[in-house]
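In what follows, a structure is listed as structure tokens, so that the remarks can point back to it.
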Amino acid sequence: LGFYHMVSPSTPKSATVLPSIDLLTWLHSAPQLAQRDPGFFLTARARCGDIYLLRGGSAPMVMLGHPRHAQEILVDKGANYTKDSPIWDPLRSLLGNGLLVSGGSYWLRQRRMMQPQFHRQALAGMAALMSEAIAEELEAWDRAAADGRELTPTEGFNSLTMKVIVKTLFGGSIEQQEIESVGRDLTFVLDFILQGILAKSLPSWVPLPGRQRYADTLRRLDDILFRIIRRSRQAIESGKVGANLLSLLLGATDEETHERMNDQQLRDEALTLFLAGYETTAAALAWAYQFMFERPEVADKLHAEADSVLGQRTPTITDVASLPYTKMVLQEALRLRPPSFWTPRVALTDDEIDGYPIKAGTTVAPVTYVIHHHPEIWEDPERFDPERFLPERSQNRHRAAWIPFALGQHQCIGKEFAMLEGQLVLANLAQRFRIVAGQGSAPKATLSATLRMQGGHSLRLTRRR
């Protein structure tokens, strides 16, 4: 799965020739990668330094593990590093030409059309839909608490964020049967995509298990999404304009050409937003509670803030600024377990990083997971400590030290949406429930198309009010 060239220590050092292959490192770390353990990247950094070459078959990648690298690749030299790397191809097979994987003038056009839908005024309208969806889904949590039934992390948070993203993205244009189908299908395709990324290093004739199922699943997702888009168009034509994101995107116009998105473009962007608002937010919330099981004093502070700021009033977007500890809990969960664990780019022209030559066409990958655990930046990096995001502890931190939504002009357009969603869910849960560890054991992080949770304690609920 990979060989390493030892390249540099953790501080920049001028050099032009790479040292010989470090087979010992490969033999030590290969089992971690085979088990999809993100600790593989931490092991590699500890042994090889912040920059090294990972060779998988014919697709070598330069792996980068320091905030300065993310700043350089994603911001300072962003024009020279694009998403044209083949590493993105498996994700493109799912998302088409959505914002997450597109580039160039097409990306700029789509970003320009979509950006106004994520301004604060538009988010305020969506926040009302979020709160409505959270309240509806927490009725099921109330029943579980009353019955003494424990919820699995997946059952609890996936259902909750699914309800939120469906309501805010599609409004009433999607049926319950379709919701359940999309949830099942996304779980499968995201796992298959990781196989596709790893398979880039294999000969094309090697069979990839599940390929036909993947194709069938994509067709089923397309059928559902195109059906929802048609319903939304019909609703708008009949004068029923909703506040949901899909309705807003249907009305978005390119300021230069005055054109609107066609159905394929809407499908790509809707699925991209669905993935970002569902899978990644659910994972962040699930990790937040698994970490709080180990540090119950964090949960106590979360409850105290909700009680003092909200009382029994339902939180709204105007309350978010008054819930700083809630935000820090979410930020710390995203630091320790960033759903997007790396941001591969490809060099358009020859360049140099830390004194090492980077030839045009080389794939470079700032590894968010490593940056978020870097011992030079984060004291006791494995400890769950929301207060490390207090202003007085953050003011001198490198701006690229926390990048769960990437950085630069390609930073996730839904960053504020995701943070708002996460904070509203945490505030609602802190108001209503005391949640402690139920059955199960400590979860493991596992690499998929995103960073996922494997196992974990179930959620034992007690109604606070």
Side-chain angles (χ1 to χ4, degrees), residues 117-142 145 156-157 159-169 171 243-245 248 276-278 280-282 284-289 291-292 297-335 386-394 402 404-405 412-435 459 461-465:
Q117 322 314 326
F118 291 90
H119 289 165
R120 185 168 181 82
Q121 185 176 356
L123 282 177
M126 283 183 272
L129 292 175
M130 286 183 190
S131 294
E132 190 178 313
I134 292 168
E136 290 175 7
E137 185 60 25
L138 289 187
E139 291 178 7
W141 290 54
D142 277 327
F157 292 106
S159 297
L160 186 50
T161 57
M162 171 72 81
K163 177 77 80 172
V164 171
I165 193 61
V166 162
K167 194 105 176 176
T168 52
L169 181 55
N244 60 79
L245 263 172
L248 295 175
Y278 161 56
T280 58
T281 308
L285 291 167
W287 280 113
Y289 272 93
F291 290 131
M292 281 192 281
E297 69 274 18
V298 173
D300 291 341
K301 292 179 181 179
L302 193 66
H303 292 147
E305 182 175 77
D307 292 346
S308 64
V309 175
L310 302 171
Q312 298 188 44
R313 177 173 50 81
T314 301
T316 67
I317 190 171
T318 57
D319 293 311
V320 168
S322 302
L323 297 167
Y325 193 77
T326 304
K327 181 179 181 180
M328 290 190 292
V329 168
L330 185 60
Q331 287 175 305
E332 178 68 342
L334 287 167
R335 180 190 72 82
E387 293 182 18
R388 67 173 83 242
F389 286 94
L390 285 168
E392 58 268 27
R393 291 179 61 183
S394 305
W402 186 81
F405 303 98
C412 176
I413 195 173
K415 174 186 176 181
E416 300 304 325
F417 179 99
M419 289 298 295
L420 175 62
E421 177 187 3
Q423 289 172 84
L424 287 176
V425 169
L426 283 175
N428 272 278
L429 291 177
Q431 269 188 313
R432 296 190 185 207
F433 303 104
R434 178 165 293 280
I435 305 175
L459 313 174
L461 311 173
T462 303
R463 197 73 164 84
R464 296 189 66 221
R465 299 195 197 4

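These numbers come from a predicted model, not from an experiment.
Considering Lys301, Arg393, Lys327 in turn, Lys301 is the only one that fulfils the salt bridge (charged side-chain N to carboxylate O under 4.0 Å, His left out) rule with Glu387.
Taking OH from Tyr289 and CG from Leu302, the interatomic distance works out to 5.5 Å, rounded to the nearest 0.5 Å. Separating the CD1 atom in Ile165 from the OH atom in Tyr278 is a distance of 11.5 Å, to the nearest 0.5 Å. Annotation: the span from Leu429 atom CG to Arg434 atom CZ amounts to 13.0 Å, rounded to 0.5 Å. Within the model, atoms CD of Gln431 and CZ of Arg463 stand 9.0 Å from one another, a figure rounded to the nearest 0.5 Å. The structure places CG of Leu285 at 6.0 Å from CZ of Phe157, a figure rounded to the nearest 0.5 Å. How far OG1 of Thr314 is from CG of Asp319: 9.5 Å, rounded to the nearest 0.5 Å.
Using a 4.5 Å heavy-atom threshold, the side chains of Asn428 and Phe433 count as separate. Side chains of Arg313 and Leu310 form a contact here, defined as non-hydrogen atoms less than 4.5 Å apart. Counting only heavy atoms from C-beta outward, the side chains of Asp142 and Arg432 approach each other to under 4.5 Å. Residues Glu305 and Pro324 have side chains in contact (heavy-atom distance under 4.5 Å, counting atoms from C-beta outward). Counting heavy atoms from C-beta outward, Trp141 and Leu461 have side chains that approach closer than 4.5 Å. Considering only heavy atoms from C-beta on, Glu297 stays 4.5 Å or farther from Met292 through its side chain.
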What pairs of donor and acceptor atoms, side-chain ones from residues 122-137 against any protein atom, are under 3.5 angstrom apart with sequence neighbours left out?
{"residue": "Ser131", "atom": "OG", "partner": "Ala127", "partner atom": "O", "Å": "3.2"}
{"residue": "Ser131", "atom": "OG", "partner": "Pro315", "partner atom": "O", "Å": "3.4"}
{"residue": "Glu132", "atom": "OE2", "partner": "Lys167", "partner atom": "NZ", "Å": "2.9"}
{"residue": "Glu136", "atom": "OE2", "partner": "Lys167", "partner atom": "NZ", "Å": "3.0"}

May I have the list of side-chain donor-acceptor pairs in residues 414-423 shorter than 3.5 Å, sequence neighbours left out?
{"residue": "Glu421", "atom": "OE1", "partner": "Thr281", "partner atom": "OG1", "Å": "3.4"}
{"residue": "Gln423", "atom": "NE2", "partner": "Met419", "partner atom": "O", "Å": "3.0"}

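Between Gly171 and Asn244, the shortest heavy-atom contact is N-CB, 3.6 Å. Considering all non-hydrogen atoms of both residues, Thr326 and Ala427 come closest at CG2-N, 4.2 Å. Pairing each heavy atom of Ala284 with each of Ala333, the nearest pair is O-CB, 3.6 Å.
In this structure a side-chain-to-backbone donor-acceptor pair under 3.5 Å is present from Ser394 to Arg388. Here the side chain of Trp402 pairs a donor or acceptor atom with the backbone of Gln331 at under 3.5 angstrom. The backbone N or O of Phe389 sits nowhere less than 3.5 Å from a side-chain atom of Glu332 that would complete a donor-acceptor pair.
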